[in-house]
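Here the structure comes first, spelled out in structure tokens, and everything after it is commentary.
Keep in mind that the numbers below use all heavy atoms, side chains included, and drop hydrogens, waters and symmetry copies. Just so it is clear: chains get the letters A, B, ... in the order the sequence lines come, proteins before strands, and each one is counted from 1. Just so we're clear, the structure is a prediction, and the values are computed from it rather than from any experiment.
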2 protein chains.
Amino acid sequence: MNVRHLTFRLLQVYVAVVRSGSVSEAARQLHLTQPTVSQQLRRLAEAVGEPLLKSGHGRLNTTEAGRELYRASREVLSRFDDFEDYLEALRGGKRGRFSIALVNTAQYVLPRLLGPYSHAFPDVDVTLHVGNRRQMLTRFERQDDDLYVFSHPPSLAHALAGRFLRNPLVVVAPQGHPLAQRERIGMGELLEERFLLREPGSATRMMFESWLQEHGLSLGPTLQMASNEAIRVGVAAGMGLAVLSEHVLPPEHPDIAILPVADFPIESHWQFIVRRDRRLPHAALGFLSFAAGHLDECVETRFVANELAGLLMGLEAASEPS
Amino acid sequence: MNVRHLTFRLLQVYVAVVRSGSVSEAARQLHLTQPTVSQQLRRLAEAVGEPLLKSGHGRLNTTEAGRELYRASREVLSRFDDFEDYLEALRGGKRGRFSIALVNTAQYVLPRLLGPYSHAFPDVDVTLHVGNRRQMLTRFERQDDDLYVFSHPPSLAHALAGRFLRNPLVVVAPQGHPLAQRERIGMGELLEERFLLREPGSATRMMFESWLQEHGLSLGPTLQMASNEAIRVGVAAGMGLAVLSEHVLPPEHPDIAILPVADFPIESHWQFIVRRDRRLPHAALGFLSFAAGHLDECVETRFVANELAGLLMGLEAASEPS
DNA sequence: TCAACCCATAGAGAATTAACTATAGTAGAT
DNA sequence: ATCTACTATAGTTAATTCTCTATGGGTTGA
């Protein structure tokens, strides 16, 4: 017989016997009968090929080989205890890693959540992937990430969603724009202005365009720019108007005005999306719980739209039967 | 299912899979079929309670939990490899411990063997127990030691014996004793002299007394002394005569003369005795082999009577069937 | 698109294990 | 010397494990 077929259980039994110096005592401790323990010992000794114990004045003592096996067993068992601790931390979401795929615009707010979270769970590695909606969709299709943040989720057939943040789209103009004084503006009045737009894959642009379509309008001159930042700076510099997420604007924005356009802001919500066909890392679940509990503290209340409790319940229900 | 029933084999399989990044490849390496390995992996994952592997571009990669399990497995397996090395050293007699029980007189020569032996096998602990014959007998009865050195073995019913050294008993007198000049002396002529004797439990004394009995003689005045050393010094100081093992005398002994008494020296042999009902430590066996091979180099040739080969053969035969 | 390769699952049989009860031998303690 | 507690052995049973073959689904590369 070889050492390969030894179980950890066997080592536990052996350690208990050596520690107590008695087969019977070990059996009591382990809630086994004495012959069972005797038999295990014999099996172990056979596997090792050397006697392990000898009786000496009243108790069992180890032989040389037995002493070394005891040491090895202790080390091995404690190594696996450590492993179980690790597992527990993993399961508790206190450790591990997960990745989030974000649409561009959301990168302005998500750090407000991730900062406090990382502080509370320093042993979790979070990877962020940022891109426009189209890129995020392909990542979603390929199941590249654990969590996704979308305004408008793709098909929810294989996914669960939970809103957490308002994402109002507003029309912005340079400070001092003539219409900035007005109390109410119709979009029709703006169509002659030049609009700065994101690239076609962008969510912001898609939402704006579908709004236009619903209202039977179409834009005049446009200019395409690669990022929200570029557009914001462009608007401030008087290059034109734009529709942007309010989150893109800094808290103080003296060089930019929000125009009170009718039927604006365009209301949308960011939501966390979780694929149901991909096992969610415990850490990601922990992050969602954290977000559900600390959203109010992390972002301005006027943006909060915390519907994560429902998502969490859905996830629990989904993980139960597995 | 719990982690307790995991076998080392399972960990070996797991390590092979992680290392090669492929179930099939691991199966080939381990001379198993692929489904076998798959099943083992499933069992392991069930025991751990977490997924361990995920497939990523062309090969299997570990999850977080899997990576940690891999580390733990590697450490555990290598710890047991060390243990096997230890066992091998133990079995090779290169390491370990054993004890020898010696009759007093033999302590003058045994260090000549033990010195070179300890030098050659520095990791073996040898314990010596020295006493007179009676004390050694009780140790022998109680099975206290691994090896025993006697002149006349006790019952050999449960023991094997192998002679290795002549132990001639000679009559000694102070240098300048009148009879020291004679070429041949009868013991009868010495009976009026005072004899210095060891205590009754001593082997030397017993042998001398039984020699006297066989020759129908009995001693005159005697004086009992606790040790061979005391007797040797006493004789040199002119307190009387004595019968001593030649080994007790230093190589040069200007103050002591050996008397040419008829029927002397009393011939006897020291032998190693090994109980057959007690498992002999590998190190003790190693020592006997060493003694068998190096006796000539360690003690004066005129004392050598190396019959240890027979003992070793007997031991091998005894350990085979176990 | 097809072939090749990989992995997972199902099913089955032999072997092993884990645990028990009952019993006998040993060794300490009174 | 007897009693008691401890250990070892035997015999048994249910569960588990180990390994196989056969098969089906999925990826990848030609």
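Applying the 4.0 Å criterion to OP1 and OP2 of D/dT19, one finds that B/Q40 has a side-chain N or O inside that range. Close to C/dC7, at under 4.0 Å from its OP1 or OP2, lies no side-chain N or O of B/S38. The phosphate of D/dT7 (OP1 or OP2) has a side-chain N or O of A/S24 nearer than 4.0 angstrom. Taking 4.0 angstrom as the limit, A/R43 places a side-chain polar atom (N or O) nearer than this to OP1 or OP2 of C/dA18. One finds a side-chain N or O of B/S22 lying less than 4.0 angstrom from the OP1 or OP2 phosphate oxygen of C/dC7. Using a 4.0 Å cut-off, some side-chain N or O of A/T33 falls inside it from OP1 or OP2 of C/dC20. Close to D/dC18, at under 4.0 Å from its OP1 or OP2, lies no side-chain N or O of B/Q39.
Straight-line distance from the NE2 atom of A/H5 to the P atom of C/dA14: 19 Å, rounded to whole Å. Rounded to whole Å, the distance from CD on A/E46 to P on C/dT16 is 12 Å. Note: CG (B/L6) to C1' (D/dC18) measures 15 Å, nearest angstrom. If you take CG of A/L44 and P of C/dT17, they are 12 Å apart, rounded to a whole angstrom. Here C/dT16 presents its P atom at 20 Å from CZ of B/F8, a figure rounded to the nearest Å. Residue A/N61 contributes atom CG, which lies 16 Å from atom P of D/dC6 at whole-angstrom precision. Here D/dC6 presents its P atom at 22 Å from NZ of A/K54, a figure rounded to the nearest Å. Atom-to-atom, CD of B/Q12 to P of D/dC18 comes out at 12 Å; the value is rounded to the nearest Å.
Between A/R9 and A/P35, the residue anchored closer to the 5' end of DNA chain C is A/R9, taking for each the nucleotide with the nearest heavy atom.
Considering only side-chain atoms of B/Q34, the nucleotide from C/dC7, D/dA8, D/dT19 that sits closest is C/dC7. Ranking C/dC20, C/dC6, D/dT19 by closeness to the A/T36 side chain, first place goes to C/dC20. Distance from the side chain of B/R42 is smallest for C/dA10 among the nucleotides C/dC7, C/dA10, C/dC20.
With A/F272 as the partner, the ring pair (Phe, Tyr, Trp, His ring centres under 6.0 Å) test is satisfied by one option alone out of A/F98, A/F290, A/F164: A/F164. Partner A/T62 forms a side chain to side chain donor-acceptor pair (under 3.5 Å) with one of A/R67, A/E68, A/K54 and no other, that one being A/R67.
For the pair B/R198/B/N104, a side-chain contact is recorded, criterion being any heavy-atom separation below 4.5 Å from C-beta on. Between A/I100 and A/Y148, every side-chain heavy-atom pair lies at or beyond the 4.5 Å cut-off. With a 4.5 Å cut-off on side-chain heavy atoms, A/L128 and A/L102 count as touching. Contact annotation: the side chain of B/R95 never approaches that of B/D85 to less than 4.5 Å [non-hydrogen atoms, C-beta and beyond].
End-to-end axis angle of the helix from C/dT1-D/dA30 to C/dT30-D/dA1, from C1' rotation axes over five pairs per end: 40° (rounded to 10 degrees).
With hydrogens and angles left out, the side-chain atoms of B/H282 and A/E50 include a donor and acceptor closer than 3.5 Å.
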Could you pull out every donor-acceptor pair under 3.5 Å between side chains of residues 72-80 of chain B and any protein atom, sequence neighbours left out?
| from | atom 1 | to | atom 2 | distance (Å) |
| --- | --- | --- | --- | --- |
| B/S73 | OG | B/L69 | O | 2.7 |
| B/R74 | NH1 | B/Y70 | OH | 3.0 |
| B/E75 | OE1 | A/R79 | NE | 2.7 |
| B/E75 | OE2 | A/R79 | NE | 3.4 |
| B/S78 | OG | B/E75 | O | 3.4 |
| B/R79 | NE | A/E75 | OE1 | 2.7 |
| B/R79 | NE | A/E75 | OE2 | 3.4 |

